[in-house]
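See structure below.
When reading the values below, keep in mind they use all heavy atoms of this one structure, side chains included, and skip hydrogens, waters and symmetry mates. Naming: A, B, ... by sequence-line order, numbering from 1 per chain.
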Number of protein chains: 2
Amino acid sequence: MPKIVNHNERKIKIAESTWNVIVREGLENASVRKIAAEANLSVGSLRHYFPSQSDLFLFSMELVSERVRKRIEGKNYDGPPLEMFQEALSEVLPIDEDRKIEMEVWLVFSAKTLVDRRLEELSKNVFIQIRTGIEKIINTLDSLELLKENVDQHAEVIRLHALIDGLATHHILHPNTVTNKEMILTLRYHLLSLCREV
Amino acid sequence: MPKIVNHNERKIKIAESTWNVIVREGLENASVRKIAAEANLSVGSLRHYFPSQSDLFLFSMELVSERVRKRIEGKNYDGPPLEMFQEALSEVLPIDEDRKIEMEVWLVFSAKTLVDRRLEELSKNVFIQIRTGIEKIINTLDSLELLKENVDQHAEVIRLHALIDGLATHHILHPNTVTNKEMILTLRYHLLSLCREV
DNA sequence: ATATTATTAGTACAATTGTATCAAAAAGGG
DNA sequence: CCCTTTTTGATACAATTGTACTAATAATAT
């Protein structure tokens, strides 16, 4: 039997190198050669793990969604509901350096989504997952009778979802104008605005 | 004197061809050759108007912002204030096919902004212009005593701005999940939520 | 008509691209 | 030790890239 390399671990390492190159030089300069160099591999070796650049990009984008998903699932959901919702939603915000990299990569791939069928499918799936999570949050707020009366729940789902992604995008593109703190406070402000006066 | 071509008109035509190629095949496939072909020009001829691809891309992105700006400035601002604000804000939403193309191009260039200094500057300038416009809207709502009491005006500016761009992005990336109508209705819903009960 | 000059088109070139191929290297099981 | 098979690295190749260069073209003012 030959040398054994944990296939999936290696793929993840390569995907992270892909993130680095994309963040540093942009998607259009993320050639297989640069990514291989970033991962300290030869092109041939990289190709052994990813038969094509398309596969590599798809996996790299998938890794972002997986990381976010695992973080959300790994949370302890006990405590005041509003706090919990704020925390859960913060997982799709670029609140620290790691998340910022992930969100930046996600944004870049999202743009590519418009002309790449494979990425488009992944993008849609993740979008629907987040949408479902937000629906759950609004529903739960309602069940707990925290929600203001006379709110349009469907509209609130769309609004919260758009707000989250808008805040994330703004902070990534204009971190000095929409600061980390403003991003978080605005989310909190919005959640509070949904709830009844105490 | 030689053949005279309206320089700026020609540049605009080329920039629109650039949009087409970007929408159809993506930014990474928007080579000067493809753009020249789309514009029915030779590469050498295109180069006569744009010395480099970078110049072409910058001009093409600028054209988007100029189109939007002119549309906003060209509006008649008489009528119920809320209607007017909705209309003005709708100019940065992809509410029809033309605007959809523009916003899609803007989104793609925005991603490139992260690794392109020239585009970054333009992006920031436009962002601040829109931000300023939104501040004006919130301020005016307050002056007219339409605004709910006890609202945090600074937070409302950030929130509305993020909401607009979030809605636009969602509709461009997932038009079937966030429909045109939902986008518009959600904006209206939000604006109404800012205002006092009648 | 002709001279002038913006405009156009064609070709060239070095660099980079994704992918293919194939042999060398490495390591664990017998 | 040796065989087997994964892993690696190097080279090659056709295609495409942005840009440069140069000569032909076309239209206008005199």
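One interatomic measurement links the two molecules: CG of B:Asn40 to C1' of C:dT7, which rounds to 16 Å at whole-angstrom precision. Between the CG atom of B:Leu46 and the P atom of C:dA9 there is a distance of 11 Å, given to the nearest Å. In this entry the distance linking CD of A:Glu9 with C1' of D:dT7 reads 16 Å, nearest Å. Residue B:Leu27 contributes atom CG, which lies 10 Å from atom P of D:dG18 at whole-angstrom precision. Atom CG in A:Asp55 sits about 11 Å away from atom P in C:dA20, given to the nearest Å. Atom CG in B:Leu41 sits roughly 7 Å away from atom P in C:dA9 (whole-Å rounding). Separating the CZ atom of B:Phe50 from the P atom of D:dA20 is a distance of 16 Å, rounded to the nearest angstrom.
With a 6.0 Å radius and a threshold of 12 heavy atoms from other residues, nucleotides or ligands, B:Glu121 has its CD atom at or below the threshold.
Residues B:Val32 and B:Leu46 come closest through the heavy atom pair O-CD1, 4.1 Å.
The phosphate of D:dG9 has neither OP1 nor OP2 within less than 4.0 Å of any side-chain N or O from A:His48. A:His7 has a side-chain polar atom (N or O) that falls below the 4.0 Å cut-off from OP1 or OP2 of D:dT7.
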Produce the list of close N/O pairs, under 3.5 Å, pairing protein atoms with atoms of nucleotides 11-17 of chain D; give distances to one decimal.
| residue | atom | partner | partner atom | Å |
| --- | --- | --- | --- | --- |
| D:dT17 | OP1 | B:Ser31 | OG | 3.2 |

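A:Tyr49 comes within contact range of the sugar-phosphate backbone alone, with a heavy-atom separation under 4.0 Å but no base atom that close.
We find that A:Glu156 and A:Arg159 are joined by a salt bridge, their nearest charged nitrogen and carboxylate oxygen being less than 4.0 Å apart. The residues B:Glu104 and B:Arg99 are annotated as not salt-bridged, no charged nitrogen and carboxylate oxygen being separated by less than 4.0 angstrom. With respect to A:Asp55 and A:Arg118, a salt bridge is recorded, a charged nitrogen being found less than 4.0 Å from a carboxylate O.
Side chain of A:Ser52, nearest nucleotide from D:dG9, C:dT19, C:dT8: C:dT19.
The ring pair (Phe, Tyr, Trp, His ring centres under 6.0 Å) search around B:His161 returns A:His170, B:Phe127, not counting sequence neighbours.
With a 6.0 Å cutoff to the six-membered ring centre and a 45° limit on the axis angle, A:Lys112 does not count as a cation-pi contact of A:Phe57.
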